[in-house]
Amino acid sequence: APKSIVGAGWRKVQDPAVALKDPEHAFTQIVADAQVELALPRQGERSKLAFDVYAGPKAPDALAAVNADLPSLHRHDLGWVRWISAPLLSLLKVFHWICSSWGVSIILLTLLVRLILFPINRRSQTAMARYTAKMKRLQPRIDELKKRYESDPAKQRTEQAKLMQQEGAFPPLGGCLPMFLQIPVFYALYKVLLLTIEMRHQPFALWIKDLSAPDPATIINLFGLLPFHPPSFLALGVLPVLLGITMYIQFKLNPAQMDPVQQQVFSIMPWIMMFMMAPFAAGLQLYWIMSNILTIAQQKWLYSRHPALKEPVKA
């Protein structure tokens with residue numbers, strides 16, 4: 001019978017009744033199609049084919065119980081990131097076995113990732129702070145070179161490069177390394193929340209009833225008191241706002257950038273990310289918020305040990 005199936009697919013179908021009330025969520029039905037090639041029986045004979053149809057989540061254990069090859073569907077969905085997401089999910093399961101809460105498991109995972117990256121993060125923060133302090137000290141001399149060679153931009157760049165080389169004022173190569181190291185973990189967690197069954201419809205605390213779904217507490221309609229549904233780009237919950245606030249505090253703790261354009265970008269970025277992250281899973285937002293809080297704590301600890309890194313150095 002399986003050889004008779006020559007193709008399969010699925011498509012979303014719009015529900016007219018839902019479309020009238022809520023156009024944004026009109027596509028609420030999914031139709032699966034299968035193309036079957038059947039051989040006609042001879043005249044006067046009958047043939048019978050039986051097919052098993054499974055409609056449900058891709059739970060690896062349930063799929064493996066049916067056929068040993070079926071769990072490969074789950075690995076295929078995870079894509080190249082499965083080399084990170086699979087151990088990540090195993091860690092979350094261990095934490096869940098310990099604390100019986102997927103939300104707390106995500107927090108413990110965040111703590112573990114930050115603990116592993118702590119030495120690298122500390123070195124990069126220290127190097128960036130020292131570089132910024134050095135640039136503040138050199139800024140009057142750089143301004144003087146700009147005025148002296150205002151009519152000769154090429155000479156201005158050459159002299160500025162010579163000054164930077166003499167003073168050893170070069171941006172640290174590993175300044176953004178901790179952030180880049182966290183990107184695969186962040187993306188892997190996104191895939192885990194999107195595709196795995198373990199955290200689907202799993203509550204955390206208070207209004208968070210599903211870690212794999214966006215924060216349902218929309219602020220713009222006063223948490224549902226006003227009778228309208230905001231569009232997705234305005235459906236800001238409490239978690240996205242906390243994400244924006246913690247991200248803003250984290251940037252404000254960084255040494256001030258010499259370039260005013262960079263300062264402006266860093267000031268706006270948290271609020272842009274707040275809107276961009278609103279449609280994503282609450283568990284993913286929880287991970288980012290906890291990561292921001294731990295970064296803030298680490299920065300405060302660093303500046304308490306080395307106050308000179310935070311204070312501007314005068315020429």
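- Between Thr110 and Ile293, every side-chain heavy-atom pair lies at or beyond the 4.5 Å cut-off.
- The CD1 atom of Ile289 sits 4.5 Å away from the CG atom of Leu239 when rounded to the nearest 0.5 Å.
- Side-chain contact between Ile296 and Gln250 is present, with heavy atoms from C-beta onward closer than 4.5 Å.
- The heavy-atom pair separating Ala278 from Pro214 by the smallest distance is O-CB, 3.6 Å.
- Inter-residue side-chain proximity for Arg148 and Glu159 is flagged as unmet; no heavy-atom pair is nearer than 4.5 Å.
- With a 4.5 Å cut-off on side-chain heavy atoms, Pro41 and Arg46 do not count as touching.
- No more than 12 heavy atoms of other residues, nucleotides or ligands shown are found within 6.0 angstrom of CH2 on Trp83.
- Counting only distance, with no hydrogens or angles, the side chain of Asn292 and the backbone of Thr246 share no donor-acceptor pair below 3.5 Å.
- Looking at Leu92 and Trp102, their side chains come closer than 4.5 Å, going by heavy atoms from C-beta outward.
- Considering only heavy atoms from C-beta on, Lys93 comes within 4.5 Å of Leu89 through its side chain.
- A single hydrophobic cluster is seen to contain both Leu286 and Leu206, as judged by linkage of ILVMFWY side chains at heavy-atom distances under 4.5 Å, directly or through other members.
- Counting heavy-atom neighbours within 6.0 Å of Glu150 CD, excluding the residue itself, gives a total of 12 or less.
- Distance check: Leu236 CG to Met277 CE gives 12.0 Å after rounding to the nearest 0.5 Å.
- Annotation for Tyr149: atom OH counts as buried by contact number, over 12 foreign heavy atoms lying within 6.0 Å.
- Residues Gln285 and Pro240 meet the side-chain proximity criterion, which asks for heavy atoms closer than 4.5 Å.
- Aromatic rings of Trp288 and Phe280 (six-membered ring for Trp) have centroids beyond the 6.0 Å cut-off, not under it.
- For the pair Ile249 and Ile245, the minimum side-chain heavy-atom distance is below 4.5 Å.
- Of the charged side-chain nitrogens involved, none lies within less than 4.0 Å of a carboxylate oxygen, so that Glu144 and Arg141 do not count as a salt-bridged pair.
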